[in-house]
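Below, all heavy atoms of this structure are taken into account, side chains as well, without hydrogens, waters or symmetry copies. Letters A, B, ... mirror the listed sequences (proteins, then strands); counts begin at 1.
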2 protein chains.
Amino acid sequence: MTLEEQLKQKEFKTKRQRAYLNVVYTASVLNLEQTRLFKPFGLSLQQYNVLRILRGQNGTPVSIGLIQERMLDIQSNASRLIDKLEDKKLAIRKVCPNDKRQMEITITQEGLKVLLELDEVIVLNESNIQLTDGEADMLNDLLNKLRTNQKNK
Amino acid sequence: MTLEEQLKQKEFKTKRQRAYLNVVYTASVLNLEQTRLFKPFGLSLQQYNVLRILRGQNGTPVSIGLIQERMLDIQSNASRLIDKLEDKKLAIRKVCPNDKRQMEITITQEGLKVLLELDEVIVLNESNIQLTDGEADMLNDLLNKLRTNQKNK
DNA sequence: GCAAATTATATGTATATACATACAATTTGC
DNA sequence: GCAAATTGTATGTATATACATATAATTTGC
């Protein structure tokens, strides 16, 4: 389905505007899809992203600030996401002994287990994407170019 | 800046995955940028989108359901967005006489005035986009293709 | 014409973002 | 070595989404 059909809009002022809106729209479709994928596992999309970051550290504890840096969403509120994960026993927070301002976050065995289950679901889902490698590369380049000269990192 | 630099991630499993994440990331950058653009005018991004839809009707009242259909964000909660616009005297809600379930929403003079101010800001902002027409078309096509076979409209 | 189904909107709850602010721990400048 | 600045995290508030549910008005089936 084209963007015009979807938005029931006849036309856009410029091709750039159409592409711009298409990025925003496509992302919302992808986000919704992922959110629904994670729901049966009791995880939100962002909670999943935090767990992924924690697993990526292979046991090395991670600070809240580092999680914040790595999150896809700019200025995401890692502190409250960790709250939720702790409630579910998927992550643990400890005060860092060297710097008592910092927190040391680690993923639990339980957290690793949930991620493992999700890995399969994700792979299955990503196989739905119809782009060739060349197309994916081109899309990637165009998005990088679109972001150029946009002021907010 | 490339996605890898931004996310401080060495590599992605597949080119498709990189493109997928880039769409989500780019959209969040664009959304944040627009949100900041509208903030000085006391409008959120979604409130602005609703006002645009109302203006597009040239005075013909619009139902909540129609606004919902036209919103970029899937399943956006138009009812509460109209609440906010009514509070600010930018839109008016009336019960439709023919079908008392429906609401007839119209934009006020005040609302039109705010939109007019914003039009200039938007045009200025969109001129920052560095894509040629050809690139914008290609980006548009690739995004449409990416959405193909994704189950959620 | 009336009960059942549908439709249009509203609302409650959980989650998340953006921003401002708070506060304690640490570092820096002198 | 101490005051000032910075850093790391937490929290309060406004906004928004997703989903479930509620409720009133309308349409449909018989």
Distance-only side-chain donor-acceptor flag, A:Arg52 / A:Asn49, under 3.5 Å:
no
Base, sugar-phosphate, or nothing: which does B:Thr35 touch, judged by heavy atoms less than 4.0 Å apart?
nothing
Modelled atom types, side-chain donor and acceptor of A:Lys84 and A:Gln46, under 3.5 Å:
no
What is the pairing partner of D:dC30, taking Watson-Crick or G-U wobble pairs with both distances under 3.5 Å in any strand?
C:dG1
Any side-chain N or O of B:Arg36 under 4.0 Å from OP1/OP2 of C:dC19?
yes
By nearest atom, which of the nucleotides C:dC19, D:dT9, D:dA25 is closest to the B:Lys100 side chain?
D:dA25
Do the side-chain N or O atoms of B:Gln46 get closer than 4.0 angstrom to the phosphate oxygens (OP1, OP2) of D:dT17?
yes
Of the options C:dA25, D:dT13, D:dA10, whose atoms approach the side-chain atoms of A:Ile64 most closely?
D:dA10
Looking across every strand, which nucleic acid part, if any, lies under 4.0 Å from B:Ser28 by heavy atom: base, sugar-phosphate, or nothing?
nothing
Which of these nucleotides, C:dT9, C:dC19, D:dT15, is closest to any side-chain atom of B:Gln102?
C:dT9
Can you tell me if B:Ser63 uses its side chain to pair, donor with acceptor, with the backbone of B:Gln102 under 3.5 Å?
no
What is the nucleic acid contact for B:Asp99, judged by heavy atoms within less than 4.0 Å: base, sugar-phosphate only, or nothing?
sugar-phosphate
Distance test, side-chain N/O of A:Arg101 to OP1/OP2 of C:dC23, below 4.0 Å
no
Once you apply the 3.5 Å cut-off to both distances, tell me the Watson-Crick or G-U wobble partner of C:dA24, or none.
D:dT7
